Structure formats: C-alpha cells, structure tokens
Amino acid sequence: MSVEDSQALRTAFSARELCKVYETGETQVHALRGVDLEIRAGEVVVLLGPSGSGKSTLLNIVGGLDRATSGDIWYGDTQLNTLDDAELTRFRRANIGFIFQFYNLIPSLTARENVRLVTDISQNPMGAEEALAMVGLAERMDHFPAQLSGGEQQRVAVARAIAKRPGVLLCDEPTGALDSATGVRVLETLERANSELGTTLILITHNAGIAAMADRVFNFLDGRIASIDVNQTRILPSEIKW
Amino acid sequence: MVKSLDIKLLRDLWRMRGQALAISVVIAAAMATFVLSMGVHRSLVETRDAYYDRYHFAEVFASMTRAPRSLVERVEALEGVAEAEGRIQQYATLDLPGRNDSIRAIINSVGDGGATRLNQIVIRRGRGPGIDQAGEVVVDENFAAANGLDLGDEIDAIIYGSQDRLKIVGIGLAPDFIWAIAPGELMPDESRFGIFWMGEKALEAATNRTEAITSLSLTLERGANEQEVIRRLDTLVEPYGGTGAYGREDHASNSFLDNELMQLDGMTKVIPPVFLIVSTFLVYVVLGRMIRTERAEIGLLKAFGYSSAAIGWHYLKFAIAITLMGIVFGSILGWWLGSAMTDLYGEYYRFPFLNYHVSGEVFLGGAALSIASSSLGAIGGVRAAVQLSPAVAMSPPPPPVYRVGVLERLGAKAGFTAVGHMIARHIARWPGRSAITVVGVGLSLGLLFSTVQFVDASRTMLDDFFFRAQRQDLTVTFIEPRNEDVLYELTSIEGVIAVEATRATPVRLSFGSKSERTVIESASADATMMARVDSGGGEVGLPPAGLILSRQLAQQLGVAVGQSVQVELLAGRRITREMKVSATIDELVGTRAYAEEGVLDSLVRDGAPVGSALLRIDPAMRDHIIAELADRPVVLGVTERAAAMRLFQQMVEENILTMVGFYIAFAAAIAVGVVYNGARILFSERAHELATLRVLGYHRSEVATVLLGEIALLVAMALPVGLLMGNGLGQLMAAMFSSDLFRLPFAPSRATYGFSVLVILFAALFTALLVARRVNRLDMVRVLKARE
C-alpha cells in the first residue's frame with residue numbers, strides 16, 4: 001500500500017521500542033527511551049509532560065520530520081523508519097498537517113496564499129477559501145500575516161494544515177502563545193476538523209486543562225510514556241478551564 | 001574591552017568565510033588589474049626613459065635622398081640644436097638559406113667600432129663593425145634570435161643593387177628601433193625584418209655615397225622650440241630631397257611605444273574601477289545584512305557600555321579585514337601577471353633591459369583605493385549600528401512589510417503559484433539589494449563582453465584590411481618611384497596575373513594652425529586591387545579631383561568636406577598647393593589621404609607614378625615569382641598578404657586571447673562573488689521559510705526552487721543590463737585604445753553576446769547550486785522550534 005492511501009486506516013500510528021538519542025559533541029541525550037504506543041484513526045490524543053520529556057521528539061518522528069535511532073514506527077502499514085528523505089517528504093505531503101506554537105506562516109504571502117502553498121501540492125485539497133472559512137477567516141483572506149493578530153495567524157496555520165484533508169494533525173503547543181479566548185477558538189477549529197473530517201489529532205500541551213478534550217492522554221516522563229489516562233467523555237474546547 | 005570584540009571579529013570572519021572570500025576575490029581582481037597595468041606602465045616608461053637617456057635617443061629626425069656630410073655642421077649651428085649627427089640608412093634584401101620569402105633589413109651607418117653620439121648601439125655580444133671593414137655588421141638581437149643567427153655567421157644581401165656578403169661581428173640593439181616595422185607592413189615581423197649597423201666608410205662604399213648622408217638625428221638644447229628647429233631644419237634639408245623633419249611623437253618606434261603605453265593607461269582607468277564598484281556594493285550588502293542579524297547583540301554590547309564608536313569601528317574593521325585579504329592576494333597576483341606581461345613586451349619590443357618593478361606607491365595607491373571603496377560600502381551599515389539605541393536594538397525588529405505589486409496583480413491572473421509570489425515579493429521588498437545583484441552581475445557581464453569584443457574588433461580589422469581593402473597577393477615596394485615601364489616588366493614574369501600601380505607620397509597637410517605629416521596614396525581611378533573601405537563596409541572611389549582624407553586625419557586637422565587643405569610635398573618638388581577635401585572615409589588603420597593618380601601626378605610631376613606595384617599571382621608560381629623579384633635591384637621589398645594575415649592572426653591569438661582568458665576569470669570572479677553573497681543572504685533570510693516549506697511536504701528540489709528562482713530572475717534581469725553596460729564599456733575602451741596608428745572598431749558579433757552570457761550564466765548557476773546545497777542541511781526541527 002502506498003503512503004498516500006490513508007483512508008481505510010483503523011490504526012493510525014503504532015510504535016515499538018522507539019528510541020531517539022541526540023549526539024551533541026561528546027554527550028548523548030536520550031530523548032526517547034523505548035516508547036510503545038498505538039493511536040487509532042480519528043482519535044484525539046494529548047501528550048502531556050514536562051520540558052525535555054520527549055513529547056516533541058515523538059511528534060517529530062511521527063510526522064516524518066525526524067528519524068528514530070532504533071525501534072519501529074508504523075503509519076498504517078507503512079513503516080516510517082525505513083523511508084528515505086524523499087519518501088518521508090511524500091508521506092508528510094499526503095498525510096500530515098502541522099501546527100506550531102509560532103505559526104510559521106510565510107510573511108510575504110497573504111492568508112489565502114499561505115493556504116495555497118499547501119493546496120498547490122496536494123492531491124485532493126479543499127479550496128483555500130473553504131479552509132479559511134472553516135476557521136472563520138473568510139473576511140481576512142487577503143491580509144498578510146503582519147496584518148493579523150496572533151490568534152488569527154494561528155487559525156491561518158490551522159486552515160493551512162487542514163486544507164489538504166490530512167489523515168493526521170500534529171499540533172505542538174498550538175495555543176502556547178495565545179490568550180485563553182483566542183486559544184479556545186483555535187482548539188474549536190481543531191476539534192471541528194476531528195469531528196467533521198475524521199482527522200486524527202495529536203496535540204502537545206503544557207496546559208493540563210486541554211487534556212480533557214482528548215480521548216486519551218499520554219503522560220511523558222524522562223523519554224517514556226509513564227501513564228495513559230483515558231477520558232470516558234471528551235469535553236468541548238469552550239468548557240476547558242485555563 | 002576591545003580585545004573581546006576582536007575575538008568576535010575573527011570568529012565572524014571565520015563564520016562568514018565564504019562570503020568574505022567572495023568579496024576578497026573581487027577586491028583582489030581590482031588590486032591585481034591595478035598593480036598589473038600601473039606596474040607594467042611605469043616599468044615600461046622608466047625602462048624607455050632610461051634607455052633613451054643612456055643611449056642618447058635623438059629628439060628630431062630628418063631623411064633625405066642624399067646630402068653632403070658637411071650639412072651636419074650647418075645643422076648643428078642652428079639655434080636650439082644641441083647635437084646633430086648624420087648617417088646613411090639603406091634598405092637591403094637578404095637571402096637567408098632555406099628561406100623563400102622576402103627578408104629585408106635597414107642598414108645604419110656607424111662610426112668606428114659602432115660608435116655614434118646619438119641613437120647609440122647597445123652591443124649585446126661581439127663588437128661593433130670597423131669603420132671601413134666591408135661587410136662587417138651588427139645585427140639586432142631579435143632578428144638574430146628569430147633566424148638562428150649568431151656571431152661569425154654570414155648573410156648574402158643585395159645592397160643598393162649589388163650583391164654583398166655580410167659578416168655578423170656583433171649582436172646589438174638601439175633606442176631608435178625599440179619597435180621596428182618593414183615599409184609597407186602592418187605588423188612587426190622580426191623574422192623578416194632586421195636592423196643592421198655597418199661601418200660608415202664601408203656603407204658609403206657599398207651605396208656609392210662617399211661623404212654623404214641620408215638621414216639626420218638631432219638633440220635639442222634645453223628650452224628649445226622643437227617646431228621652430230624642425231622648420232629651420234626643413235629649409236636646410238629641402239635641397240637634398242628632404243622628406244620633412246619630425247619630432248619624437250612622429251618617430252615610428254617611439255610613437256608605437258607611446259600608443260601601447262596609452263592603452264595600458266586606459267586599462268588602469270577603466271577596469272579596476274569596475275571591480276571596485278562591485279566590491280563597494282558587496283560590502284554594503286553583506287555588512288548591512290550582518291548588522292541586521294546582529295541587532296540584538298549590538299543592543300546588548302551598548303547596554304554593557306561599549307561606545308557607539310567602538311561598535312562602528314568593529315564593523316568597519318570587518319570590512320577592512322576582508323579588503324586587506326583581497327589587497328594581499330591581488331598584489332601578489334598583479335605583480336606576477338605584470339611580470340609575465342612585461343616578459344611578453346620584452347618579446348615584441350627590442351629593449352636591452354626591461355626592469356620590471358612595481359613601486360611601493362603603486363601598491364599603496366591600489367590599497368588605498370580598495371580600502372576607500374570598501375569603507376564607502378560599509379558606511380551605511382556602520383551608521384545603522386552606531387545609531388541603534390540599545391533599547392530598540394534588543395527588541396525584535398518590526399516584521400517586514402510586504403505588498404502585492406502591480407506586476408504581480410497581473411501575474412496572479414496568469415497563474416502565479418504561491419512560491420512565485422514569494423519570489424516576486426521578496427525581490428520587491430529589498431529593491432536596493434536586488435538592484436545591486438542585478439548591477440553586479442550586469443557589470444561582470446559588461447566587463448566580459450567588452451573584453452571579448454576585442455576579438456571581434458581584431459577580426460573586423462583583419463577582414464577590412466586584408467580581405468576588403470587589399471585584393472593583391474603581393475605588394476612590391478621599389479627603392480624609389482618608377483615609371484610605368486616597371487609594370488610591363490613585372491607583368492612579363494611568369495605567373496603574374498595582374499599588376500597595378502600605387503604610390504605613397506609623403507606630404508604635410510595643413511589647415512588653419514594645424515598640420516599633420518602623412519602620405520597621399522594614389523592609384524588609377526579604375527584600379528581594383530586596393531580599395532578604400534569605409535567602416536560601414538562600403539567602398540569609396542577616387543574622385544577626379546581633390547583628396548579623400550581618413551576621418552581621423554580630417555578630425556585632427558579640423559577640416560570638413562568641401563574645405564581646402566594646404567598640401568606640402570615632402571619629396572621631389574617641394575611645392576605647396578591648396579586641395580579640396582572631396583570626401584572623408586572612416587578607416588581602421590592609419591591616417592592617410594588618397595588621390596587619383598592623375599591628380600597626384602599634376603602635383604609631383606616626376607613622371608614616376610609607381611611607388612609600389614600590386615600583383616595578383618598564380619599561387620602555384622609563388623616561389624618562382626618571389627625569387628624573380630629578389631633578383632631585381634630596384635625592388636626594396638615584397639610583402640605577402642597571406643603572410644601578413646597569418647602574422648596578424650597569430651598576434652590576435654597569442655595576445656588578445658590570453659587577455660580575454662584573464663578577463664573571463666576576472667568577470668566570472670565578480671559574478672561568483674555577487675551571486676554567492678546574494679544567495680547566502682537570501683538563504684539566511686529565508687532559512688526559516690524554507691524549513692517551513694519542507695515541513696509542509698515540499699521536496700528539497702522544490703524548496704531550492706524558491707532560492708534559485710529568485711537568483712535566476714535577478715540574473716535574467718542582469719543580462720540586458722550587462723549587455724547594455726558592455727556596449728558602453730566596449731565603446732569606451734575601443735575609443736581609449738584607438739590612436740593614429742589604428743582604430744579599434746566596436747563590432748561585436750552575435751557569438752560574443754552569446755559567449756559572454758553563457759559564461760556569466762554558468763558562473764551564476766554554479767554558485768547558486770553551491771548555495772542551494774544548503775537546503776539539504778536545513779534542520780526543520782530546530783528552525784520550527786524557534787520564533788523567527
């Protein structure tokens with residue numbers, strides 16, 4: 001099966017004994033020390049834990065930005081740790097939407113063009129306008145990032161991530177730089193993508209309140225998943241206490 | 001306090017070594033061309049002056065048919081004359097074994113043992129000839145070397161119509177023959193034209209000129225009026241068939257050397273400034289970017305108490321350090337190239353010594369210019385660093401403001417991709433820097449184009465002179481003008497197909513206060529072998545009355561078509577007539593006048609219209625014809641068009657192509673320097689965006705397109721700009737390199753346009769790809785964790 005084909009997945013990601021060691025000069029940093037996990041398609045998973053506990057490292061490996069030092073990571077039946085750079089790029093292009101704390105919009109492109117950056121290279125994208133309408137920015141499509149507020153910029157980033165109808169949205173502290181009201185709006189758009197498009201949502205946060213909107217919460221400590229909390233019911237973003 | 005800043009300086013230089021090196025190379029090119037041309041120019045001038053001074057090169061010269069030796073005393077008595085000396089100068093035809101072409105020499109009479117007061121011989125080996133030793137000669141060094149001749153060798157020669165055997169007793173040189181060309185030739189050919197010196201009595205005997213001379217050399221007293229001396233000398237010499245006295249500026253050897261020096265001087269004025277302008281631009285761009293990225297550090301340093309002056313000086317030192325590297329490298333390169341070029345001059349010019357040395361002033365001057373241009377480029381950045389207040393510096397810079405441009409609005413309809421917008425807006429956001437890349441690459445193209453077109457200029461000259469203007473195979477020059485019988489005589493030689501007469505009569509043309517020594521070339525109106533070809537390629541026929549002047553000559557005299565000039569004959573009947581200028585002609589070689597045979601005859605009235613004969617021959621009979629001509633005492637020399645053409649082509653290939661080779665390297669260095677710095681800055685500014693694109697699923701090649709696309713667009717814009725500048729520079733250089741002797745046409749071929757563009761494109765592409773490789777090393781994770 002090709003990496004592009006993600007519709008029929010029942011298991012989104014599975015990992016066995018995933019390790020990541022960074023070599024910096026003479027010291028070795030063990031960022032992941034044998035992580036096993038299974039994430040179902042359409043699930044909302046929150047990664048919680050202190051800085052340096054391995055959340056971001058896992059997210060980068062899952063998103064094909066980085067490679068594990070050892071262990072296996074699967075996306076459906078595609079083994080990510082065997083892909084070369086070009087195949088990983090194709091995997092990201094087809095399946096993954098990223099959202100970062102600092103938006104990472106291209107300052108020289110308008111909101112619409114930032115979204116088109118992705119739709120230009122996708123197989124079956126929605127229109128840039130449609131994606132921006134989904135995040136409530138239909139009126140501000142022709143504004144440059146510098147002309148938008150932080151929350152608006154992050155919503156453009158969300159629109160950019162969902163426009164290609166990705167199988168998975170990976171969010172690294174998406175509300176970290178936002179106030180609570182704006183943060184809630186961003187989380188609402190993410191929740192909408194999950195419920196309306198069936199997108200798997202993996203979300204890193206320091207904000208324990210956000211964990212309540214997840215199906216499961218992975219608690220990271222020292223490069224391992226220390227525990228997994230399962231929420232019987234997910235709350236809506238508007239109900240989150242900051 | 002300063003010490004830690006200096007450590008930062010060294011680390012900055014190391015970190016930015018690629019960019020620093022690229023700027024250094026451009027500065028090195030400026031320095032090298034400056035040291036090269038100034039060094040060689042000064043070395044040649046000093047060598048020439050020392051040579052002239054030590055070996056008493058005369059200041060005024062005159063030739064005549066024959067005058068009694070006693071004339072010398074009368075000349076010496078003229079007011080303003082310091083010394084005068086008379087000698088016999090006689091052309092001879094040589095017969096070297098195994099050589100089947102026309103070889104000639106000019107034999108100069110000298111005192112016993114080669115002694116003369118003026119134009120002294122430098123005896124390199126052997127000794128001077130005995131004053132009355134028949135056949136003893138000193139031969140010039142270049143001719144001897146070119147023909148494998150040495151002391152004791154003997155040469156058969158025809159002197160003044162009779163066969164003689166010459167014996168080489170010395171090898172030498174003299175200051176009046178630094179550069180020597182046979183009559184009727186365009187280029188010096190040391191294998192076919194030699195300078196000989198023979199004892200006075202021996203040459204008198206060989207030429208039947210007892211106690212007679214054919215030429216005079218003079219030196220002047222300090223403060224003497226040269227024009228006045230020439231005028232009086234002319235009066236004295238006229239009865240003896242004088243052909244007009246002249247000063248150093250009209251002396252063939254001296255004026256050719258002057259011409260070369262003028263070209264070198266022109267090079268100094270045009271080429272190093274091009275490099276300096278580019279280096280100014282590069283320093284401006286690189287330092288400006290550096291200071292923008294180090295904004296927070298500058299704020300911090302100021303907050304710690306570093307003065308604005310200390311910080312400004314720190315960044316200025318960065319520019320100066322890069323410049324110093326360029327100066328050192330360029331000085332060495334320039335010195336070495338200058339030494340090679342001086343050696344080349346040594347081959348073409350006959351100097352007894354050629355001291356190549358570059359004075360400290362030249363190095364200091366070049367260094368001062370380089371530092372001044374870099375500092376000029378640094379001013380903008382340094383001022384920004386000085387003016388930045390610590391509080392402002394430590395807060396992040398305001399985000400750049402982008403706008404949708406007018407062109408883009410049109411382009412958007414034509415289906416610009418998002419990446420296309422990124423490229424277009426970035427260029428528009430930094431118009432100054434984009435313009436510098438365009439102008440910098442343009443200048444490199446312009447410089448390359450303007451030097452490569454010299455090949456075309458030479459080819460055009462070759463084509464005009466040898467293919468359009470000359471259709472004869474051989475030119476036969478006579479010792480003195482003959483009557484038409486000689487034409488029938490030549491026609492009777494087996495293999496000669498056609499013969500035409502031509503004549504070059506020495507004249508002085510005057511108009512108002514201006515006058516010029518030149519020749520009037522005459523031929524019959526229906527002559528077909530020698531044509532006058534305009535720079536446009538058209539042929540200009542001889543008018544039934546009046547003169548045609550080369551445009552250069554007309555400009556020097558300030559005369560226009562329809563006006564009359566005074567024509568003073570410098571040979572035979574010394575009369576002066578008014579003649580109308582009936583046309584001018586734009587010629588590449590020489591400054592001459594033309595007249596129809598009959599028109600000139602009515603002036604000269606000597607019944608000898610044949611100064612030289614133009615022959616068209618059967619190529620299969622060439623050897624036979626050359627041999628037949630060599631046996632005729634009236635023949636002074638035979639010039640072969642094909643041989644002259646070969647020589648010219650060889651000169652073009654050796655000199656011009658070598659020069660073009662250098663300039664390909666220099667121009668490519670500019671292109672590489674400009675593109676490398678542009679691309680590195682672009683890359684550092686866009687690293688964040690490029691990493692974002694990679695995260696979004698763009699392949700490396702697609703991401704590299706953003707980088708390469710912008711450079712490609714700027715380089716594409718640079719091409720027309722560069723060709724435009726190249727046209728300007730080329731015309732400027734052609735004008736600077738032109739002289740009385742020849743004018744370089746500006747006639748670039750399509751191949752030159754194509755070649756120059758290709759070289760620059762290749763250099764730009766190579767450099768851009770070098771930078772684009774950095775896309776492979778983009779760390780997506782690290783970049784995205786950071787706030788931009």
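A note on names: the letters A, B, ... follow the listed sequences, proteins ahead of strands, and every chain is numbered from 1. Owing to the predicted nature of the structure, the values given are computational and were not obtained by experimental measurement.
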Q: Report the C-alpha separation of R694(B) and T89(A) in whole Å, then their side-chain angles, then the decisive distance to 0.1 Å, and conclude whether the side chain to side chain donor-acceptor pair (under 3.5 Å) test is met.
A: CA-CA 7 Å; R694(B) 289 282 288 135; T89(A) 304; 3.2 Å; yes
**Q.** Proximal component of R112(A), with respect to chain B [non-hydrogen, under 4.5 Å]
**A.** neither
Q.
Using heavy-atom distances under 4.5 Å, tell me whether R686(B) contacts chain A through its side chain, its backbone, both, or neither.
A.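 The answer is the side chain of R686(B).
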Q) Checking heavy atoms, do the side chain of H699(B), its backbone, both or neither come under 4.5 Å from chain A? A) both
Q.
Evaluate V695(B) against N104(A) for side-chain contact (heavy atoms from CB on, under 4.5 Å), listing each step before the verdict.
A. CA-CA 10 Å; V695(B) 170; N104(A) 289 312; over 6 Å; no
Q) Mind checking whether Y75(A) and F13(A) have parallel, tilted or perpendicular rings, split at 30° and 60°? A)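 Y75(A) and F13(A): tilted rings.
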Q: Output yes when E685(B) and R433(B) qualify as a salt bridge under the 4.0 Å nitrogen-oxygen rule, no when they do not.
A: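 Looking at E685(B) and R433(B), the cut-off is met.
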Q: Tell me, out of D66(A), D85(A), D120(A), V118(A), who's got the most heavy-atom pairs with chain B below 4.5 Å.
A: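 It is D85(A).
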Q | Leading residue by heavy atom contact count with chain B [cutoff under 4.5 Å; candidates I96(A), D142(A), I121(A)] | A |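 Greatest number of close heavy-atom pairs with chain B: I121(A).
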Q.
The criterion is ring-ring contact (aromatic ring centres under 6.0 Å, His included); which residues satisfy it with F98(A), sequence neighbours excluded?
A.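 Listed in chain order: F100(A).
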